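To start, the structure under review is shown below, and the notes come after it.
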Amino acid sequence: MFSNILGYKIFNLNKDKLVQYVLGKDKVCVISGNPEVLLNGMKDKKFYDKFNSNEFVIIPDGVGTVVSAKLIGQPVREKIAGIEVMDELLRISAKEGFKVYLLGASKDIIGKCSENIKNKYPTINICGFRDGYFKNEDVNEIVDEIKKLEADMLFVALGSPKQEDFILKYMEELPCKVYMPVGGSFDIFAGKLKRAPNIMLKLGLEWLYRVWKEPFRIKRLGKIPKFILIVILNKIGILKSVENI
Ligand code: UDP
């Protein structure tokens with residue numbers, strides 16, 4: 001069920017199996033394991049330990065992760081995109097009556113995102129939403145609101161590592177069963193950004209499309225080859241300790 005990449009347990013079955021696994025847990029956070037998130041996790045033991053704990057599941061979301069898994073002989077069945085997992089969890093929430101809370105993105109985007117999700121899944125119960133540009137002193141109020149609303153699923157889009165940090169800090173005290181940091185997914189649901197065309201998704205070129213649409217991302221692209229190189233060096237024994245890379 002899991003491939004081992006640099007000590008991370010990466011879910012290696014398909015998306016349907018992942019969703020089954022998530023719904024079978026009492027409390028779980030789904031981490032989009034792209035090279036950037038995994039490298040960030042290695043710089044901070046708090047992230048690394050939590051990501052590998054029983055309450056977290058890492059999905060191979062990114063060509064860098066999929067390629068690395070293959071290179072070290074522990075292939076994953078498929079790339080699992082975080083946004084597709086979110087979409088499937090929303091569909092199931094609408095069907096089963098799970099309450100959903102959305103936290104993140106700008107005020108306009110989060111309003112539009114919530115509206116579009118309701119149009120797509122008319123029976124969904126979005127019990128609350130809030131933009132992601134809040135002050136530190138507002139955090140307690142947000143956490144209290146999610147508690148009061150008894151949300152079952154919490155999707156957080158604050159960019160990485162802020163969104164993972166928020167979930168790590170508050171997951172224990174919150175009542176939700178499913179937690180998921182979702183990066184730019186609210187922008188996509190709101191229609192501000194589009195996903196790459198299918199052909200690019202199939203060829204593993206989503207990263208290229210994102211850089212084309214948002215050129216500021218070019219600086220972050222180096223993380224993909226860096227990650228693959230670290231995985232290979234670790235596998236052949238040249239790089240033994242992968243902490244603080
Ligand atoms: N965002 C936010 N608060 C912040 C920083 C970012 O709500 O303080 C939102 C931003 O508006 C966007 C989302 O976080 O909707 C994801 O940002 P980004 O695309 O940088 O994340 P990535 O997917 O690259 O991790």
Side-chain angles (χ1 to χ4, degrees), residues 8 29-44 47 50-51 56 58-66 79-87 89-90 100-117 126 128-143 145-146 151 153-170 179-196 200-201 204-224 226-227:
Y8 284 118
C29 175
V30 183
I31 294 291
S32 284
N34 59 48
E36 187 171 19
V37 167
L38 297 179
L39 286 173
N40 280 341
M42 291 166 68
K43 286 197 208 110
D44 191 332
F47 279 121
K50 273 284 180 185
F51 286 179
F56 282 67
I58 308 173
I59 56 172
D61 182 359
V63 66
T65 312
V66 174
K79 174 191 158 181
I80 305 181
I83 188 162
E84 290 173 20
V85 174
M86 176 180 167
D87 192 41
L89 291 171
L90 292 173
V100 172
Y101 193 98
L102 308 170
L103 174 66
S106 67
K107 278 204 167 67
D108 288 355
I109 292 290
I110 189 64
K112 188 76 186 140
C113 166
S114 165
E115 191 184 316
N116 287 352
I117 291 173
I126 297 183
F129 61 81
R130 161 108 192 205
D131 72 275
Y133 293 89
F134 48 82
K135 299 196 195 86
N136 279 345
E137 55 260 40
D138 295 335
V139 172
N140 286 342
E141 182 197 309
I142 296 171
V143 171
E145 185 183 54
I146 302 170
M153 300 213 181
L154 174 64
F155 297 96
V156 184
L158 302 173
S160 196
K162 210 170 162 187
Q163 52 193 14
E164 288 82 13
D165 200 40
F166 180 91
I167 293 176
L168 247 69
K169 267 198 191 122
Y170 300 105
Y179 300 77
M180 192 167 175
V182 290
S185 300
F186 293 177
D187 297 275
I188 294 177
F189 274 102
K192 183 190 161 207
L193 291 176
K194 285 205 164 40
R195 281 199 82 195
M200 290 185 92
L201 293 179
L205 294 175
E206 190 164 20
W207 55 272
L208 183 62
Y209 181 82
R210 294 192 78 183
V211 169
W212 173 34
K213 292 291 168 189
E214 299 180 312
F216 67 87
R217 289 187 183 277
I218 199 145
K219 284 185 282 182
R220 289 157 66 173
L221 270 191
K223 299 270 171 80
I224 299 176
K226 178 178 174 182
F227 182 76

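These numbers were taken from a predicted model, which means no experiment stands behind them. First listed ligand is number 1; within each ligand, the first listed atom is number 1.
- Remark: minimum distance from atom 5 (C) of ligand 1 to any protein heavy atom is reached at Leu158 O, 3.3 Å.
- For ligand 1, the atoms lying closer than 4.0 Å to a non-hydrogen atom of Arg217 are 18 (P), 19 (O), 24 (O).
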Checking side chain to side chain contact (heavy atoms under 4.5 Å, CB included) for the pair Glu214/Leu193: CA distance, chi angles, key distance, verdict?
CA-CA 10 Å; Glu214 299 180 312; Leu193 291 176; 3.5 Å; yes

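- Between Gly184 and ligand 1, an N or O atom pair is found at a separation short of 3.5 Å.
- Counting atoms of ligand 1 from 1 in the listed order, those under 4.0 Å from a heavy atom of Gly104 are 7 (O).
- Considering CG of Asp131 and CG of Leu102, their distance stands at 12.0 Å, rounded to 0.5 Å.
- Close approach of ligand 1 to Ser160 (heavy-atom distance below 4.0 Å) involves ligand atoms 25 (O).
- Between Phe47 and Asp165 there is a side-chain heavy-atom pair separated by less than 4.5 Å.
- Using a non-hydrogen distance threshold of 4.0 Å, Phe186 does not register as a contact of ligand 1.
- In this structure, Glu36 pairs ionically with Arg220, as a charged nitrogen and a carboxylate oxygen lie closer than 4.0 Å.
- Less than 4.0 angstrom separates some heavy atom of Arg210 from each of these atoms of ligand 1: 23 (O).
- Heavy atoms of Glu214 found under 4.0 angstrom from ligand 1: none, in either backbone or side chain.
- Remark: ligand 1 atoms within the under-4.0 Å shell around heavy atoms of Ala157 are 1 (N), 2 (C), 7 (O), 9 (C), 13 (C), 14 (O).
- Side-chain contact check for Leu154 versus Tyr170: every heavy-atom pair is 4.5 Å or farther apart.
- Remark: Arg217 CZ to Trp212 CH2 distance equals 15.0 Å, nearest 0.5 Å.
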Side chain to side chain contact (heavy atoms under 4.5 Å, CB included) evaluation trace for Ser114 with Ile110
CA-CA 6 Å; Ser114 165; Ile110 189 64; 5.6 Å; no

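- At the top of the distance list for atom 10 (C) of ligand 1, counting protein heavy atoms only, stands Tyr133 OH, 3.3 Å.
- Of all atoms in ligand 1, numbered sequentially from 1 with element shown, those under 4.0 Å from a heavy atom of Asp187 are 12 (C), 15 (O).
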So Lys169 and Val143, side chain to side chain contact (heavy atoms under 4.5 Å, CB included) or not? Walk me through it.
CA-CA 10 Å; Lys169 267 198 191 122; Val143 171; over 6 Å; no

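- The nearest heavy-atom contact from the protein to atom 13 (C) of ligand 1 is Gly183 O, 3.4 Å.
- Below 3.5 Å of separation, one finds an N or O of Gly159 facing an N or O of ligand 1.
- The closest protein non-hydrogen atom to atom 3 (N) of ligand 1 is Gly132 O, 2.8 Å.
- Of all protein heavy atoms, the one lying nearest to atom 8 (O) of ligand 1 is Lys162 NZ, 2.6 Å.
- Looking at Leu103, Ile31, Val30 one by one, the single match for side chain to side chain contact (heavy atoms under 4.5 Å, CB included) with Pro181 turns out to be Ile31.
- Contact analysis leaves Glu36 out of contact with ligand 1, as no non-hydrogen atom separation drops below 4.0 angstrom.
- Not a single heavy atom of Lys107 lies less than 4.0 angstrom from ligand 1.
- In this structure, Asp108 does not pair ionically with Lys192, as no charged nitrogen and carboxylate oxygen lie closer than 4.0 Å.
- Contact analysis puts Arg220 in contact with ligand 1, with a non-hydrogen atom separation below 4.0 angstrom.
- Taking a cut-off of under 4.0 Å to the non-hydrogen atoms of Ala105, the atoms of ligand 1 that pass are 2 (C), 7 (O), 9 (C), 11 (O), 15 (O).
- Side-chain contact between Leu38 and Ile58 is present, with at least one heavy-atom pair separated by less than 4.5 Å.
- On a distance-only criterion, Gln163 and ligand 1 share no N/O pair closer than 3.5 Å.
- The pair Lys50-Glu164 fails the salt-bridge criterion, with no side-chain N (NZ, NE, NH1 or NH2) lying under 4.0 Å from an Asp/Glu carboxylate O.
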